[in-house]
Amino acid sequence: MTRLRTERVVIIGAGLGAISAALALAPRPVLMIAPEPPGQGASSAWAQGGVAAAMDAADSAEAHAADTVAAGAGTVDAAIAAMVTAAARDHIHGLTDLGTPFDRDGAGGYVLSREAAHSAARVVRVKGDQAGRRIMDTLVAALDATPSVQVLPGALLTGIETRAGRVTGVRIEAAEGSAPVVVEAPAVLIAGGGSGGLWLHTTNPPRIRGQAIGAAALAGAEIADAEFVQFHPTAIASGEDPLPLATEALRGEGAWLVDRDGRRFMRGLHPDAELAPRDVVARAVFAERQAGRAPALDTRAALGASVTERFPAVAEACARAGIDPVGGTIPVAAAAHYHMGGIATDARGRASLPGLWACGEAASTGLHGANRLASNGLLEALVFARACAEDIAATLGPAPVAPALDIAFAPGGRAADPAAVARLRRVMTDHVAVLRDGKGLRTALAEIAVLESAHDAPAFRTMSATATLVAAAALRRTESRGGHCRTDFPDTDPAQARRSRMTLAEALTIRADCAKETA
Ligand code: SIN
């Protein structure tokens with residue numbers, strides 16, 4: 001196996017967390033590794049809503065933190081919520097200074113969208129639904145002008161190297177398959193996204209299938225809150241994979257959720273109706289689809305013909321699918337959107353293994369609890385990217401001189417078998433999705449074990465490791481809370497109002513018991 005050594009900090013990922021950290025580390029040399037070029041294939045670029053930040057004079061970081069804690073259903077780390085929300089204004093000003101064209105009013109103030117479970121309009125946006133794209137364009141331009149960053153696109157993380165419990169580097173392969181290459185480095189920052197693509201219905205870009213979290217877990221890192229997966233209630237049911245998003249900001253503007261008879265089914269289910277917490281709305285949309293009542297988003301009364309110009313990404317997705325949001329409704333489905341769980345970190349972004357940091361959706365910092373507050377994801381990525389960069393710099397001391405690394409992939413290796421990936425997604429969709437129960441979770445774990453025994457390609461194992469952790473943590477949490485809904489334990493149990501932590505070894509023990517039971 002080829003082994004290379006660099007004094008560059010290795011960053012896995014090319015989304016908001018990864019690029020922000022690389023910029024914050026500059027001029028310290030960085031090697032950024034991802035399957036796609038910076039900004040492409042990253043969930044951040046697909047984010048429509050924007051960044052939550054208390055920018056209005058009548059709002060406050062304290063109110064934002066309180067909403068974050070309330071939405072998180074009893075398991076948010078309040079100190080982390082205070083830290084992140086307090087830093088929000090500064091990050092918005094930083095992105096503005098870099099050139100992000102946030103929507104502004106006549107007086108120069110930020111135009112703010114309202115999203116579910118926020119007590120105020122608080123989401124800083126760009127042209128309705130363009131925030132993720134335009135923030136990433138701005139950051140990619142800044143990255144292009146930063147010579148300390150070497151970018152290696154077209155490469156996939158398949159493992160994390162350790163020596164005596166310390167992270168010493170990463171194992172990578174060409175994205176389309178190759179012999180592995182080990183890159184040894186003084187520090188590794190994982191910012192490689194979440195797990196949405198482990199389910200058949202997802203709003204995440206196609207390659208995001210839990211690989212970053214799984215690689216860290218395979219190396220022994222602790223994973224927190226794996227059972228908490230957020231399903232977005234209004235993915236557009238277009239039949240595409242992944243499903244396009246219809247941003248929650250549409251409901252913030254007054255769009256309704258209706259069934260095939262035009263009945264607003266959220267009224268009567270929650271006092272906030274369409275702006276109820278995301279898990280509540282997702283379960284309602286899921287139930288409507290299960291019952292064959294064709295849930296749909298009706299933007300006509302709220303937005304009329306202006307929807308196409310005010311929400312161009314939604315309009316484009318509708319046009320692709322032959323849906324007319326001006327003349328009719330937009331069919332919707334609940335889809336895996338955001339993993340609250342991930343690599344457990346502290347407030348500096350340190351993982352449980354020395355030498356490893358994590359930020360963005362791959363990390364679980366304690367901000368989101370059991371149910372992430374809308375538009376807190378980009379904010380968390382910004383805040384923790386900076387925290388990780390500062391801590392890595394402080395840990396490593398003065399920046400070294402580090403020439404660009406010459407990496408060539410040789411043929412060989414084993415790519416993940418598409419049929420095994422499809423089966424894994426089916427299992428997660430059937431048994432570990434919006435509604436779960438002990439029987440289904442045990443079945444899922446037993447099926448993942450069977451799949452793994454037949455498919456041990458590293459690029460598959462990173463996915464199946466994360467799937468195992470989600471199902472095992474979901475089985476161990478014998479209650480319903482936020483995004484984790486157990487039909488066999490429908491109540492919230494105050495005694496379980498704490499975050500979960502699990503290693504892959506623990507999850508594999510649970511899985512082995514299930515495999516024995518179902519054998
Ligand atoms: C949305 O625009 O609905 C998604 C925002 C988010 O997931 O934070």
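Order of listing sets the numbers, starting from 1, for every ligand and every atom in it. Throughout, numbering of the chain's residues begins at 1 and tracks the sequence. This structure is a prediction, so every number in the text was calculated from the model and none was measured. Reckoned from all heavy atoms, side chains included, excluding hydrogens, waters and symmetry mates.
Ionic pairing of Glu240 and Arg320 is present here: one or more N-O contacts between side-chain nitrogen and carboxylate oxygen are shorter than 4.0 angstrom. The pair Glu253-Arg251 does not count as a salt bridge, with every side-chain nitrogen at least 4.0 angstrom from each carboxylate oxygen.
Proximity to His337 (heavy-atom distance under 4.0 Å) selects the following atoms of ligand 1: 4 (C), 6 (C), 7 (O). Close approach to Gly49 involves these atoms of ligand 1, each under 4.0 Å from a residue heavy atom: 2 (O). Taking every heavy atom of His232 and a limit of under 4.0 angstrom, the matching atoms of ligand 1 come to 1 (C), 3 (O), 4 (C). Those atoms of ligand 1 that come under 4.0 Å of a heavy atom in Ser375, given as number and element, are 5 (C), 6 (C), 8 (O). Atom numbering of ligand 1 starts at 1 in the shown order; those under 4.0 Å from a heavy atom of Glu248 are 1 (C), 2 (O), 3 (O).
Taking CE from Met340 and CG from Asp279, the interatomic distance works out to 8.0 Å, rounded to the nearest 0.5 Å.
The residue among Arg251, Arg278, Gln230, Arg372 with a heavy atom at the shortest distance from atom 5 (C) of ligand 1 is Arg278.
In terms of protein heavy atoms, atom 1 (C) of ligand 1 is closest to Thr247 OG1, 3.4 Å.
The aromatic rings of Phe228 and His484 lie perpendicular to each other, with more than 60° between the two planes, well past the 30° mark.
Here the side chains of Leu157 and Gln211 are not in contact, with every heavy-atom distance at 4.5 Å or above.
You'll find the ring centres of His368 and Tyr338 inside the 6.0 Å limit.
Between Ala249 and ligand 1 there is no heavy-atom distance shorter than 4.0 Å.
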